[in-house]
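Computed from a predicted model, the values in this text were never measured in an experiment.
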Amino acid sequence: MGPYHGGTTLPYASFVTRPPVVDGGAVALSAAGRCRIHPDTCHQDQDDANADPNAEYRAIVSKTIEQASVVIDVDANNSSTADGLDKETRKKLKKKYMKQGVGMARSYLNDTLGLDTSVIDVEIVLSARDVKESEGLLASCFLDAGCDKIVLSGTDVEALDAARIPRDRLVAHFDGADKVEIAGAASQLAGTVSIRPNETAEEADAETLLTLITALDDAGKSDGSTAFDVVMELEAGDADADYDAVQILADEIGSISKGCANRKVRCSGISLIDPTVQLLGLSYAACLKTDRDDGLFTTVVCTRSGEALGLVYSSKESVVAALECGRGVYYSRSRNGLWRKGDTSGHYQTLHRIDVDCDGDALRFTVTQRGDDVAAFCHLNTLTCWGEPRGLRHLEETLRKRLKDAPVGSYTKRLFDDEELLRDKLVEEAQELSEAQTKEDIAGELADVIYFAMVRAAKAGVSIDDAAAELDRRARKVTRRKGDSKAFRIEAGNSILNKK
């Protein structure tokens with residue numbers, strides 16, 4: 001971890017007693033960009049009173065323990081062991097259990113908890129006992145499934161070591177302000193130290209909490225310690241408090257955030273336990289700064305792949321509203337009120353996450369633009385406020401139009417209708433790309449591959465943003481395959497190339 005470069009300390013939800021998404025509700029607290037989940041306690045109420053609410057999560061734990069029980073290197077040779085399985089069979093069995101576990105974990109995170117792990121930074125709190133019993137495979141399983149970090153008890157160094165994951169993906173958590181002295185030791189294995197003070201957010205004043213954060217940061221700067229990020233986890237307080245009380249608490253959170261910046265401490269977040277949407281939204285806004293007289297925040301609206309759709313403004317109330325409904329909600333200066341994008345035009349947005357820029361005075365809303373007729377952000381019925389798109393987005397829109405209504409003689413329409421031709425062209429162009437030598441030839445062949453690949457994607461209803469999400473998901477994995485070529489795929493490709 002390099003030297004501290006600043007940044008805004010922001011609040012995010014820690015789901016301890018309730019799940020991220022409640023049945024029948026659209027609350028999107030995870031759209032704050034980050035969340036922490038406690039799988040042993042955050043779950044939906046079951047319709048069946050006798051059902052185990054933790055059954056799905058415990059099944060994942062059991063699967064990773066089963067994976068750990070498969071010992072590959074029993075002896076030096078390849079002979080069968082007591083259970084009748086040779087080394088190669090054991091390797092395949094262990095890989096099978098790994099894939100099953102990751103699939104179960106992905107379903108749990110994405111489907112059961114409603115978290116888009118390709119865009120939200122999810123921290124999951126695991127039992128030290130489960131991690132040790134699974135020989136660390138439970139931790140890698142959830143990282144491979146899309147989690148950003150694993151949270152373990154900082155007092156159990158054996159579990160931190162057993163996790164066997166990159167240091168920057170591990171959080172050592174401590175309950176109680178008296179654990180500061182041992183945090184430095186845990187930082188040798190964990191890149192982030194999380195601490196939950198005894199006081200709730202309502203009980204402790206900002207200065208007291210800042211002092212605790214600073215003490216932790218100092219522990220990471222002491223001789224023999226490795227620098228680490230700090231996260232403060234706080235009890236959110238009374239869920240039924242009125243607006244004024246919530247705003248006072250939010251301002252305290254804002255004071256902590258700005259105090260961290262002034263003191264240049266590595267506080268990467270303030271985790272609020274089971275916050276209301278009002279508390280999280282107002283706290284988020286309280287951590288920002290603006291030099292506008294009207295108190296609004298400049299907001300850039302972007303696609304999943306980072307393209308700017310337009311420039312709008314946000315207020316603290318619009319941030320709350322956006323988290324409440326999981327849509328793009330902004331502040332309209334002309335209407336002097338909330339602007340729920342799409343209520344009138346039908347061109348609404350699914351909100352994925354909100355980010356703050358490096359100076360803490362501008363927001364970015366990452367969304368998927370929707371619309372029954374056309375996905376248009378601009379009032380001129382274009383995707384962006386900067387006219388027609390170029391490059392890949394232009395190609396994508398053209399292919400969508402061709403799929404619906406292609407002109408006579410369209411080659412793209414022919415590809416849509418002839419699956420064998422499309423397959424053959426994909427293989428052919430990929431082979432030509434692999435053999436291209438000059439920069440110009442490689443660029444040309446790459447363009448050909450992209451065109452045919454996007455025809456295949458358009459026919460299947462797959463977008464550029466879908467591909468971007470998949471790439472982001474894969475970037476979180478810690479288990480890597482060897483990546484050797486597959487002989488049967490090479491043979492199939494050669495048969496296609498040789499038939500021409």
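Looking only at distances, a side-chain donor or acceptor of Asp274 sits under 3.5 Å from a matching main-chain atom of Val16. Panel note: side chain Ser283, backbone Leu280; no donor-acceptor pair is recorded below 3.5 Å. Put simply, the side chain of Ser318 gets close to the backbone of Ser315: a donor and an acceptor are under 3.5 Å apart. Side chain of Gln369 to backbone of His347: a donor-acceptor contact under 3.5 angstrom is found. Distance alone, capped at 3.5 Å, is enough to place a donor-acceptor pair between the Glu396 side chain and the Ile464 backbone. No donor-acceptor pair closer than 3.5 Å links the side chain of Tyr12 to the backbone N or O of Asp121. With hydrogens and angles disregarded, no donor-acceptor distance shorter than 3.5 Å links the side chain of Ser30 to the backbone of Leu115. A donor-acceptor pair is defined here as one N or O able to donate and one able to accept, closer than 3.5 Å; such a pair exists between the side chain of Arg169 and the backbone of Cys147. No side-chain donor-acceptor contact under 3.5 Å links Lys425 to the backbone of Asp448. Thr8 places no side-chain N or O within donor-acceptor distance of the main-chain N or O of Leu10, the cut-off being under 3.5 Å.
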Inset, instruction - Decide yes or no on salt bridge (charged side-chain N to carboxylate O under 4.0 Å, His left out) for Lys477 and Asp144, but give the supporting numbers first. - result: CA-CA 4 Å; Lys477 294 178 64 175; Asp144 288 343; 5.8 Å; no
Inset, instruction - Give the C-alpha distance, both sets of side-chain angles, the deciding distance and a yes or no for side chain to side chain contact (heavy atoms under 4.5 Å, CB included) between Phe228 and Val171. - result: CA-CA 10 Å; Phe228 55 81; Val171 179; over 6 Å; no
Inset, instruction - Please report the C-alpha distance between Asp361 and Arg292 in whole Å, then the side-chain angles of each, then the deciding distance to 0.1 Å, and finally whether the salt bridge (charged side-chain N to carboxylate O under 4.0 Å, His left out) criterion is met. - result: CA-CA 10 Å; Asp361 59 1; Arg292 293 178 58 89; over 6 Å; no
Inset, instruction - Tell me, with the steps shown, if Arg58 and Asp130 meet side chain to side chain contact (heavy atoms under 4.5 Å, CB included). - result: CA-CA 10 Å; Arg58 295 311 306 175; Asp130 290 338; 2.8 Å; yes
Inset, instruction - Begin from the C-alpha positions of Thr384 and Glu307 and carry the test side-chain hydrogen bond (donor to acceptor under 3.5 Å, both in side chains) through to its verdict. - result: CA-CA 9 Å; Thr384 82; Glu307 299 155 289; over 6 Å; no
Inset, instruction - Please test Arg327 against Asp343 for salt bridge (charged side-chain N to carboxylate O under 4.0 Å, His left out), starting from the C-alpha separation and ending with a verdict. - result: CA-CA 11 Å; Arg327 285 175 46 185; Asp343 277 0; 2.9 Å; yes
Inset, instruction - Tell me, with the steps shown, if Glu470 and Arg473 meet salt bridge (charged side-chain N to carboxylate O under 4.0 Å, His left out). - result: CA-CA 5 Å; Glu470 180 59 29; Arg473 267 189 289 270; 3.2 Å; yes
Inset, instruction - List the steps, then state whether side chain to side chain contact (heavy atoms under 4.5 Å, CB included) holds for Leu399 with Lys459. - result: CA-CA 9 Å; Leu399 293 176; Lys459 184 176 180 180; over 6 Å; no
Inset, instruction - Could you walk me through whether Thr192 and Leu170 pass side chain to side chain contact (heavy atoms under 4.5 Å, CB included), step by step? - result: CA-CA 7 Å; Thr192 301; Leu170 186 58; over 6 Å; no
Legend entry - Test side-chain hydrogen bond (donor to acceptor under 3.5 Å, both in side chains) applied to Tyr451 and Glu429, step by step: CA-CA 10 Å; Tyr451 165 70; Glu429 298 300 340; over 6 Å; no
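Salt-bridge check for Glu419 with Arg423: failed, with every basic side-chain N at 4.0 Å or more from each acidic carboxylate O. Ion pair Glu123/Arg36 flagged as a salt bridge, since at least one NZ, NE, NH1 or NH2 atom sits closer than 4.0 Å to an Asp/Glu carboxylate oxygen. Residues Asp148 and Arg34 are not paired through a salt bridge, judged by the lack of any N-O separation under 4.0 Å between the basic side chain and the carboxylate. The residues Asp116 and Arg304 are annotated as salt-bridged, a charged nitrogen and a carboxylate oxygen being separated by less than 4.0 angstrom. Between Glu88 and Lys92 there is no salt bridge, since no side-chain nitrogen of the basic residue lies less than 4.0 Å from a carboxylate oxygen of the acidic one.
Shown here for Val449 and Leu426, the closest heavy-atom pair between the two residues is O-CD2, 4.4 Å. Taking every heavy atom of both residues into account, Tyr313 and Leu296 meet most closely at CB-CD1, 4.1 Å. Nearest heavy-atom pair, Ala31 versus Leu351, reported as atom, atom and distance to 0.1 Å: CB-CD2, 3.9 Å. Summarising the geometry of Tyr108 relative to Pro39, their closest heavy-atom pair is OH-CB, 3.3 Å, with the distance given to 0.1 Å. Across all their heavy atoms, Ser118 and Asp472 have their closest contact at O-CB, 3.2 Å. The nearest pair of heavy atoms linking Tyr330 to Gln349 is OH-OE1, 2.6 Å.
Each of Ile450, Leu395, Leu422, Leu403 was checked for a side chain to side chain contact (heavy atoms under 4.5 Å, CB included) with Val455, and the lone residue meeting it is Leu422. Of the options Thr298, Thr299, Asp355, a side-chain hydrogen bond (donor to acceptor under 3.5 Å, both in side chains) to Arg364 is made by Asp355 and by none of the others. With Gln100 as the partner, the side-chain hydrogen bond (donor to acceptor under 3.5 Å, both in side chains) test is satisfied by one option alone out of Lys63, Gln67, Lys95: Lys63.
Taking the ring centre of Phe377 as origin, the terminal cationic atom of Lys341 falls inside the region bounded by 6.0 Å and 45° from the ring axis.
Donor-acceptor pairing under 3.5 Å is recorded for the side chains of Arg370 and Thr350. Looking at Ser107 and Asp111, their side chains do bring a donor and an acceptor atom within 3.5 Å of each other. No hydrogens or angles considered: nothing links the side chains of Gln278 and Thr276 as a donor-acceptor pair under 3.5 Å.
The closest side-chain heavy-atom distance from His394 to Glu388 is not below 4.5 Å. Counting heavy atoms from C-beta on, the side chains of Pro20 and Leu29 never come closer than 4.5 Å.
Crowding of Gln437 atom CD: a count of heavy atoms from other residues, nucleotides or ligands under 6.0 Å not exceeding 12. Residue Arg390 qualifies as open at atom CZ: its count of foreign heavy atoms under 6.0 Å is 12 or below. Atom CZ of Arg456 has 12 or fewer neighbouring heavy atoms from other residues, nucleotides or ligands inside a 6.0 Å radius. More than 12 heavy atoms of other residues, nucleotides or ligands sit less than 6.0 Å from atom NZ of Lys94.
Tyr411 and Phe452 have perpendicular rings, their planes meeting at more than 60° on a 0 to 90° scale where under 30° would count as parallel.
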